[in-house]
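For reference, the structure discussed in these notes is given below.
Throughout, protein chains are lettered first and strands after them, A, B, ... in sequence-line order, and every chain is numbered starting at 1.
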Amino acid sequence: MSYAPDDIRRKAKDGLAFIILPLKAMRTDYAFIGVTLIVACALIGVVPILNYLIAPQTPNKAKRETYECGMETVGDTWVQFRAQYYLFALIFVLFDVGGVLLFPFAVAYNSVNLWGVIVVSLFALTLLAALGYAIKKGALNWE
Amino acid sequence: MDIINNLVKDIGDGIAAAIIGLLGQGLAADIVIMAIAAIAVFAVASGGFAALTYAERKIVARIQDRVGPNQAGPFGVLQPIADAVKLFTKEDTTPASADFWVYQLAPIIVAVFATLTFTVVPFAPGVVGTNLNIGAFYIIAIGSASTIAILMAGWGSNNKYSLLGAFRTVAQLVGYEVPMLLNIIPVIMLTGSMSLVDIIERQTGVNGGWGVPFIVIMPLSALAFLISGIAETGRSPFDLLEAESEIVAGFHVEYSGMKFGLIMMGEYMNALGVAVMFSVLFLGGYGGPILPPYLWLVLKTFGVFLVLMWLRGTLPRVRIDQLLNMNWKFFVPLSVINLIMIMILGKVFVSDPALFKANGGILIQPFAQVIIFGASSLALLILALAVVTRRVRKDRLAEAEVLQQRREANQQIAAAMH
């Protein structure tokens with residue numbers, strides 16, 4: 001069963017079917033993922049509990065200390081991330097969103113002509129220009 | 001021959017029919033069938049994990065001129081079971097200062113999301129958990145969830161080594177998702193669908209496909225996808241987030257017992273997921289002559305995993321600046337250029353008469369189209385490699401010169417002190 005845009009448009013004449021049919025398709029398609037999520041959570045979640053029941057439990061203060069090669073920990077661990085990481089994450093978001101925008105185009109590729117492809121190439125080149133700018137500004141240099 | 005070819009599908013259909021006979025058609029039967037299928041998916045994933053830990057230790061040992069595990073059972077084949085027993089009986093300590101729930105949940109989340117990858121993989125014709133119409137997109141989305149779990153593990157442990165591992169996760173795993181994403185897009189473009197079954201059929205030539213795996217048509221995309229996939233799963237030589245010689249064990253320093261086992265399981269399943277995805281997207285999945293389809297998928301996946309093991313056995317770990325430069329200054333621009341090239345080539349040279357009628361272009365034979373695509377992709381790859389090697393050599397020479405100057409300065413200081 002497929003609900004390509006053409007299908008939906010054709011069925012839109014039947015009023016609410018426009019919304020309901022894709023939803024029905026989603027229910028049957030994604031139900032398996034939901035069931036797998038539950039089954040996997042149950043099967044995997046039981047593992048640490050089993051481990052807790054089987055293994056000997058003799059905690060003491062030394063065992064529960066933070067393991068840093070025998071040295072006592074100095075200062076707070078939960079410090080602020082460096083701004084460098086933030087820059088990388090920011091550029092990642094730019095490219096991820098740009099990439100996601102290309103997915104619908106990729107599916108509709110066969111129904112686009114050369115002009116449409118050139119327009120999308122311009123979009124991709126804009127992304128590339130943004131990357132070039134970031135590199136030139138030194139945002140992607142690791143120090 | 002048909003019996004062997006359809007073995008998995010027939011078993012599945014048989015079980016489904018038996019359950020419908022028992023419970024009658026309805027929601028209850030549907031849920032039970034789905035639960036059994038989910039358990040089967042989990043069994044495939046964790047069975048693959050167990051087999052691959054043994055295979056990897058044995059093969060990497062051979063590469064490095066060692067023997068590998070050989071005590072448990074003949075040739076050490078029972079090693080995974082011995083490992084499981086050992087991990088189950090090992091005391092599981094939680095550091096007093098850890099963020100309790102974040103720390104406890106991280107390994108479970110890694111393993112669960114790694115399992116979820118396998119729900120959309122087509123194992124044989126008609127044997128697929130669910131044939132999502134956005135399968136390829138779903139894989140990317142689920143794959144990035146493990147990044148969050150690793151970040152949780154690193155942050156929740158309240159350990160400085162773990163935190164360093166988590167920091168590196170942010171930079172590395174997040175960055176390598178981009179080339180992965182950009183190299184799946186050409187595959188989707190040439191298929192016209194994100195469904196993994198459609199992608200395989202396009203490569204096996206069932207519904208008017210080329211009958212040629214995409215690796216021949218787009219070698220550059222395949223290579224970039226594989227390398228960024230290895231980096232995305234944090235395997236050696238890109239295992240910076242758990243570099244044992246630098247930050248002890250990175251994000252899983254504080255984990256012991258079966259929680260450590262679950263993190264390992266998640267990592268192996270993710271690597272296996274990349275191998276499966278590579279065989280589905282670029283090697284034609286279950287398509288192949290003579291042998292039954294599910295065996296082809298297993299063979300291809302193992303072949304890809306063998307390459308992963310080979311890389312792990314031979315290459316030293318890369319430095320983090322090299323890793324990030326390779327991603328942002330090489331793979332990402334190259335992937336975008338490759339994408340644009342394939343987009344335009346696909347519109348200029350058309351092999352499908354119906355598409356030719358609709359959009360124009362130059363009508364050619366399918367095999368000529370394959371050759372044009374493959375040759376231009378290969379040419380782009382060689383060009384990019386040539387440019388990069390020249391650039392890298394220049395950088396290295398400059399670096400060597402700086403070192404030489406520093407050495408001379410030091411010698412002068414030493415001479416002055418005498």
Do other residues, nucleotides or ligands put more than 12 heavy atoms under 6.0 Å from [X] [atom1]?
| X | atom1 | value |
| --- | --- | --- |
| B:Lys90 | NZ | no |
| B:Phe113 | CZ | no |
| A:Tyr52 | OH | no |

Chain B: which of [options] shares the most heavy-atom pairs with it under 4.5 Å?
| options | value |
| --- | --- |
| A:Leu87, A:Ile54, A:Leu127 | A:Ile54 |
| A:Phe88, A:Tyr86, A:Phe103, A:Phe95 | A:Phe103 |
| A:Ser111, A:Gly116, A:Ala55, A:Pro48 | A:Ala55 |

Largest heavy-atom contact set with chain A, pairs under 4.5 Å, which of [options]:
| options | result |
| --- | --- |
| B:Ser157, B:Ala37, B:Ala45 | B:Ala37 |
| B:Ile337, B:Val120, B:Val187, B:Leu163 | B:Leu163 |
| B:Leu87, B:Val41, B:Thr94 | B:Thr94 |
| B:Gly175, B:Gly346, B:Gly261 | B:Gly346 |

Heavy-atom proximity to chain B below 4.5 Å, by part of [X]:
| X | result |
| --- | --- |
| A:Val107 | both |
| A:Leu114 | both |
| A:Leu128 | side chain |
| A:Ile91 | both |

Any heavy-atom pair between the side chains of [Y] and [X] that's under 4.5 Å?
| X | Y | answer |
| --- | --- | --- |
| A:Phe105 | B:Met343 | yes |
| B:Phe118 | A:Thr36 | no |
| B:Phe137 | A:Val100 | yes |
| A:Leu50 | B:Met258 | no |
| B:Leu181 | A:Leu102 | no |
| B:Lys259 | A:Asn51 | no |

Spell out, as yes or no, whether a donor-acceptor pair under 3.5 Å connects the side chain of B:Lys347 to the backbone of A:Val112.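 Checking the backbone N and O of A:Val112 against the side chain of B:Lys347, a donor-acceptor pair under 3.5 Å is found.
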Verify, without hydrogens or angle tests, whether B:Glu91 (side chain) and A:Thr58 (backbone) share a donor-acceptor contact under 3.5 angstrom. yes
Closest approach of [X] and [Y], non-hydrogen atoms and distance?
| X | Y | value |
| --- | --- | --- |
| B:Trp328 | A:Leu131 | O-CD2, 3.4 Å |
| A:Ala124 | B:Val336 | O-CG1, 3.8 Å |
| A:Val47 | B:Phe88 | O-CE2, 3.7 Å |
| A:Pro56 | B:Thr89 | CD-O, 3.5 Å |

With only heavy atoms counted, which part of [X] is less than 4.5 Å from chain A, the side chain, the backbone, both or neither?
| X | value |
| --- | --- |
| B:Leu116 | side chain |
| B:Asp99 | both |
| B:Thr93 | side chain |
| B:Ile109 | neither |
| B:Ile36 | neither |
| B:Ile142 | neither |

Step-by-step side-chain contact (heavy atoms from CB on, under 4.5 Å) determination, B:Ile344 to A:Ser121: CA-CA 9 Å; B:Ile344 291 172; A:Ser121 312; 4.2 Å; yes
Interatomic distance, [X] atom [atom1] to [Y] atom [atom2] [nearest 0.5 angstrom]:
| X | Y | atom1 | atom2 | answer |
| --- | --- | --- | --- | --- |
| B:Leu173 | A:Phe92 | CG | CZ | 10.0 Å |
| B:Asp92 | A:Ile49 | CG | CD1 | 11.5 Å |
| A:Leu43 | B:Ser46 | CG | OG | 8.5 Å |
| A:Ile33 | B:Met34 | CD1 | CE | 11.0 Å |

Step by step, work out the side-chain contact (heavy atoms from CB on, under 4.5 Å) result for B:Ile188 and A:Tyr109. CA-CA 9 Å; B:Ile188 298 169; A:Tyr109 180 69; over 6 Å; no
